[in-house]
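For reference, the structure is listed below as structure tokens.
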Amino acid sequence: MVAAAVLTLAACSSAQPAPPEPSQPNPAPGGGPGSTPAGPYAFGTVQQKAPAAANGEVQVVRKISTDKPYVFLTMDDGAVKDPDALKLMQQSGTHPVLFLNQKYVKGHEAYFKQILDATGATLGDHTVDHPNLKGKPFEFQRKEICDDADDFQKGLGVRPVLFRPPFGNYDHNTLRAAAACGMRVAVLWTAAVNDGHVQFQAGDKLKPGDIVLMHFRKTFKEDYTAFVEQAKKDGLTPVPLADFLG
């Protein structure tokens, strides 16, 4: 079983091939008409460093260690392109990470580029075809992760450095492949939103440092609204995850 990294623990670096240079180390705040509300600090500035790779493998992060009332939103896949997504993100300023699959982005680059440019969202790698990576050969996994990032560099002008394994499933080869493709960490989650309801892995509310998962689905508006309302109810402010994995 591969152990998940806790952000407060130091990890030893090891020699590995030099990864590609990241093109989006931290998200830029949205600007112009309809831009996102001002945050509790200057978004796009590193607040914490990501745990260093160890033994040629990126570390796994499930939650951010923080004593501040911050929560982190992530959105997966990109299957359904909700026309109201941009407006919703601009109105509430959640600055999510979009962990996208190339198979859903291809042909719809303008949709996702507009969100990235106008909301301060961060682009993440979620593989090309969303396979279950666990147990697959290293080269298969490397190609899924690297090709996703390479295609986004060409189509969106951004090469992601944050990675999420499909279904949250991974093994040592996954973490090695992610490192070889220039990923900084593998990101899991502590809560999820489905059918307009926030589901918690523990307890009955969101807590500081929680990473929340939702998807680009037909219920996007309901799920997004449920997250925003739950965060407000629990006294938490959504901030960019990339700022805490610098």
task = Could you tell me the separation between the OG1 atom of T127 and the NZ atom of K103, rounded to the nearest 0.5 Å?
result = 8.0 Å
query = With a 4.5 Å heavy-atom cut-off, do Q141 and Y170 have their side chains touching?
reply = no
key: Single-linkage hydrophobic cluster M75~V158, side-chain heavy atoms < 4.5 angstrom   = yes
ask   = Do P165 and L188 come within less than 4.5 Å of each other through their side chains, counting heavy atoms only?
value = yes
task = Would you check if the side chain of T190 reaches a backbone N or O of I211 as a donor-acceptor pair within less than 3.5 Å?
result = yes
message = With a 3.5 Å distance limit and no angle check, can you tell me whether R184 reaches the backbone of L245 through a side-chain donor-acceptor pair?
response = yes
key: Exam field: side chain E109 to backbone G107, donor-acceptor pair closer than 3.5 Å   = yes
key: Ring centres under 6.0 angstrom apart (F138, F140)   = no
message = Measuring only between side-chain heavy atoms, which start at C-beta, is F244 closer than 4.5 Å to V239?
response = yes
inquiry  = Just so I know, are the side chains of V212 and V193 near enough to count as touching, which here means a heavy-atom distance under 4.5 Å?
reply    = yes
task = Please collect all salt bridge (Lys or Arg N to Asp or Glu O under 4.0 Å) contacts where either partner lies in residues 68-78, sequence neighbours excluded, each pair once.
result = D76-R164
ask   = Taking the side chain as C-beta and beyond, is there a heavy-atom pair between L100 and H126 under 4.5 Å?
value = no
key: Gap separating the CD atom of E57 from the CG atom of N173, nearest 0.5 angstrom   = 8.5 Å
Selection residues 195-206 - residue pairs positive for side chain to side chain donor-acceptor pair (under 3.5 Å), sequence neighbours left out = N194-Q199
V105 vs D151, side chain to side chain contact (heavy atoms under 4.5 Å, CB included): CA-CA, chis, key distance, verdict = CA-CA 10 Å; V105 173; D151 191 75; 5.7 Å; no
query = Are F227 and V71 close enough, and set up right, to give a side chain to side chain contact (heavy atoms under 4.5 Å, CB included), and what steps lead you there?
reply = CA-CA 10 Å; F227 164 76; V71 66; 3.9 Å; yes
message = Grouping I, L, V, M, F, W and Y whenever their side-chain heavy atoms are under 4.5 Å apart, do M89 and L156 come out in a common cluster?
response = yes
request  = Could you pull out all residues at least two apart from F216 that satisfy ring-ring contact (aromatic ring centres under 6.0 Å, His included)?
outcome  = F112, F220
L241 and T122: CA distance, side-chain angles, deciding distance, side chain to side chain contact (heavy atoms under 4.5 Å, CB included) verdict = CA-CA 8 Å; L241 178 61; T122 305; over 6 Å; no
message = Can you tell me how the ring of Y70 sits relative to the ring of Y41, calling it parallel under 30°, perpendicular over 60° and tilted otherwise?
response = tilted
request  = Determine whether L133 and D171 make a side-chain contact, defined as any pair of heavy atoms from C-beta on separated by less than 4.5 Å.
outcome  = no
key: Results of salt bridge (Lys or Arg N to Asp or Glu O under 4.0 Å) for K136 - residues two or more places apart only   = none
ask   = How long is the gap from CZ on F152 to CG on L116, to the nearest 0.5 Å?
value = 9.5 Å
query = Are any side-chain N or O atoms of D243 and backbone N or O atoms of V46, one a donor and one an acceptor, separated by less than 3.5 Å?
reply = no
message = On a heavy-atom basis, which atom in A226 and which in V198 lie closest, and how many Å separate them?
response = O-CG2, 3.8 Å
ask   = L236, V228: one ILVMFWY side-chain cluster at the under-4.5 Å cut-off?
value = yes
ask   = Are V61 and L213 joined in one hydrophobic group, where the rule is that I, L, V, M, F, W and Y side chains link up if heavy atoms are under 4.5 Å apart?
value = yes
message = Is there a side chain to side chain contact (heavy atoms under 4.5 Å, CB included) between F163 and D125? Walk through the geometry before answering.
response = CA-CA 5 Å; F163 167 68; D125 189 315; 3.9 Å; yes
remark   = Output for pair (T225 OG1, Q230 CD), nearest 0.5 Å, gives 13.0 Å
Aromatic centroids of F167 and H130 separated by under 6.0 Å = yes
ask   = Is V60 reachable from F99 through a run of hydrophobic residues whose side-chain heavy atoms are each under 4.5 Å from the next?
value = yes
remark   = Result for side chain to side chain contact (heavy atoms under 4.5 Å, CB included) between T94 and one of L73, L88, T74 points to L73
query = Around atom NZ of K81, are there more than 12 heavy atoms of other residues, nucleotides or ligands at under 6.0 Å?
reply = yes
Nearest-0.5 Å distance, CE of residue M183 to OG1 of residue T174 = 13.5 Å
inquiry  = Please give me the minimum heavy-atom distance between P69 and G235, naming the atom from each residue.
reply    = CB-O, 3.5 Å
query = What heavy-atom pair brings A179 and G56 nearest, and what distance separates the two atoms?
reply = CB-O, 3.4 Å
message = Strictly by disulfide (SG to SG under 2.5 Å), give each pair with a member in residues 132-176 just once, sequence neighbours left out.
response = C146-C181
request  = Quick one: which residue pairs count as a salt bridge (Lys or Arg N to Asp or Glu O under 4.0 Å) with a foot in residues 210-237, not counting sequence neighbours?
outcome  = K63-D210
task = Please examine the side chains of K207 and F200, heavy atoms only from C-beta on, and report whether any two atoms are closer than 4.5 Å.
result = no
note = CD1 of I115 to CG of L123, rounded to nearest 0.5 Å, is 11.0 Å
ask   = Side-chain contact, heavy-atom cut-off 4.5 Å: D147 with Q102?
value = no
remark   = Y111 and A85 have their tightest heavy-atom pair at OH-CB, 3.4 Å
